[in-house]
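First comes the structure, then the notes that go with it.
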2 protein chains.
Amino acid sequence: MNNATELDVCEKQCLHQDRIERVRGAMLDDRAAEGLAEIFGLLGDRTRVLILHALSQGELCVCDISAVLGATSSAVSHQLRLLRTAKLVKARKEGKNVFYTLDDEHVRQLFAQGLEHVLER
Amino acid sequence: MNNATELDVCEKQCLHQDRIERVRGAMLDDRAAEGLAEIFGLLGDRTRVLILHALSQGELCVCDISAVLGATSSAVSHQLRLLRTAKLVKARKEGKNVFYTLDDEHVRQLFAQGLEHVLER
DNA sequence: CAAACAAGTGAGCACATGTTCATATGAATA
DNA sequence: TATTCATATGAACATGTGCTCACTTGTTTG
């Protein structure tokens with residue numbers, strides 16, 4: 001009766017009870033799973049990919065980004081809010097402009113690794 | 001008239017023309033952007049995160065996975081199809097069972113790196 | 001101060017996505 | 001062969017998501 005091993009252990013006789021127990025014990029806790037899904041989900045959109053890639057080359061303001069992508073600044077702003085909230089980018093205000101940069105080296109690395117994966121097939 | 005630098009270069013006088021040109025030149029091509037978004041999007045779902053993490057600990061059949069997650073095997077099967085199509089997992093048939101494993105070391109690395117990112121805040 | 005402008009935001013809409021349910025397929029077994 | 005079971009799949013439905021449009025905010029500049 002230790003580790004939630006008998007709650008909904010399905011009625012099916014699908015074998016591998018040992019594996020199930022083992023994997024269950026090492027299962028990702030829900031916070032981590034949600035967190036991972038959130039980060040990856042944020043990276044999982046064409047527009048945001050392009051924004052992040054653009055920012056990986058240096059600081060840009062909203063207007064620049066929308067010009068580069070050929071998107072409306074409203075759309076870009078909406079996306080930037082998501083990225084900002086998730087701390088993937090950070091903002092610096094200067095007069096009328098707000099300049100964005102990648103928030104953290106992790107993002108850059110994740111991005112680079114994903115790119116490597118994509119290019120390799 | 002080289003690199004799509006004057007098509008829709010917005011009428012706004014938002015400055016930074018130099019940066020825009022530079023970033024545009026180095027912009028991710030559409031295939032890469034789509035590919036990246038697809039991979040990351042696939043990782044961007046709680047259920048699939050849990051599936052992949054379970055598989056990172058070894059081979060499991062659909063039934064095992066659904067037992068571990070507490071999800072229906074139908075739901076799991078649907079997700080596995082997506083992961084299989086994107087070559088993130090691969091399947092091995094043995095009798096009535098189909099055993100799944102991570103397809104490639106990249107996935108494991110991406111996953112690990114994402115996890116690191118999440119745990120570090 | 002008023003006009004111009006960059007950026008942010010809420011509502012609404014079209015479309016994507018994850019789940020369930022019913023059913024199909026295909027292999028093992030009685 | 002008929003049944004049982006693991007897996008797969010299509011349709012339907014509910015929810016999530018990204019965009020546009022209209023508008024607001026806040027800053028610069030005429």
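Chain naming here is simple, since letters A, B, ... match the order of the sequence lines and numbering starts at 1 in each.
For the pair A/L50 CG and D/dC19 P, the computed distance is 10 Å after rounding to whole Å. Rounded to whole Å, the distance from CD1 on A/I51 to C1' on C/dG8 is 14 Å. Distance B/E38 CD to C/dA16 P: 14 Å, rounded to the nearest Å. The NZ atom of A/K93 sits 10 Å away from the P atom of C/dA7 (whole-angstrom rounding). The interatomic distance linking B/R81 (CZ) with C/dT19 (P) rounds to 13 Å, in whole Å. Computed from coordinates, the B/F40 CZ to C/dA16 C1' distance equals 20 Å when rounded to whole Å. B/L83 has its CG atom 14 Å from the C1' atom of C/dT17, to the nearest Å. Taking atom CG of A/L80 as the reference point, atom C1' of D/dG18 lies 14 Å away to the nearest angstrom.
Backbone-only contact: A/R48 has heavy atoms under 4.0 Å from sugar-phosphate atoms and none from a base. Residue contacts for A/Y100: at a heavy-atom cut-off of 4.0 Å it reaches the sugar-phosphate backbone alone, with no base atom in range.
Closest approach to the B/C63 side chain among D/dA6, C/dT19, D/dG10 is made by D/dA6 (side chain taken as heavy atoms from C-beta onward). Listed nucleotides C/dG8, D/dT20, C/dG26 differ in distance to B/K96; the shortest reach to its side chain belongs to C/dG26. Considering only side-chain atoms of B/H78, the nucleotide from D/dT9, C/dG10, D/dC19 that sits closest is D/dT9. The side chain of B/N97 lies closest to D/dA6, out of D/dA8, D/dC21, D/dA6. Among C/dG18, C/dG8, C/dT20, the nucleotide with an atom closest to any side-chain atom of B/A75 is C/dT20. Listed nucleotides: D/dA22, C/dT20, D/dA8. Nearest to the side chain of B/T72: C/dT20.
Within the structure, a side-chain polar atom (N or O) of B/Q79 is placed less than 4.0 Å from OP1 or OP2 of C/dT19. Taking side-chain N and O atoms only, A/S73 has no distance below 4.0 Å to OP1 or OP2 of C/dG8.
Rounding to the nearest 0.5 Å places CZ of A/R22 at 7.5 Å from CD of B/Q57.
Listed for the B/S56 side chain is a donor-acceptor partner under 3.5 Å among the backbone atoms of B/H53.
The base of D/dT9 lies close enough to the side chain of B/S74 for a donor and an acceptor atom to sit less than 3.5 Å apart.
You'll find the ring centres of B/H117 and A/F40 outside the 6.0 Å limit.
Relative ring orientation between A/F99 and B/H16 is described as perpendicular, the plane-to-plane angle rising above 60° on a 0-90° scale split at 30° and 60°.
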Side chain to side chain donor-acceptor pair (under 3.5 Å) for B/Y100 and B/R84? Distances and angles first, verdict last.
CA-CA 9 Å; B/Y100 283 88; B/R84 208 180 337 121; 3.2 Å; yes
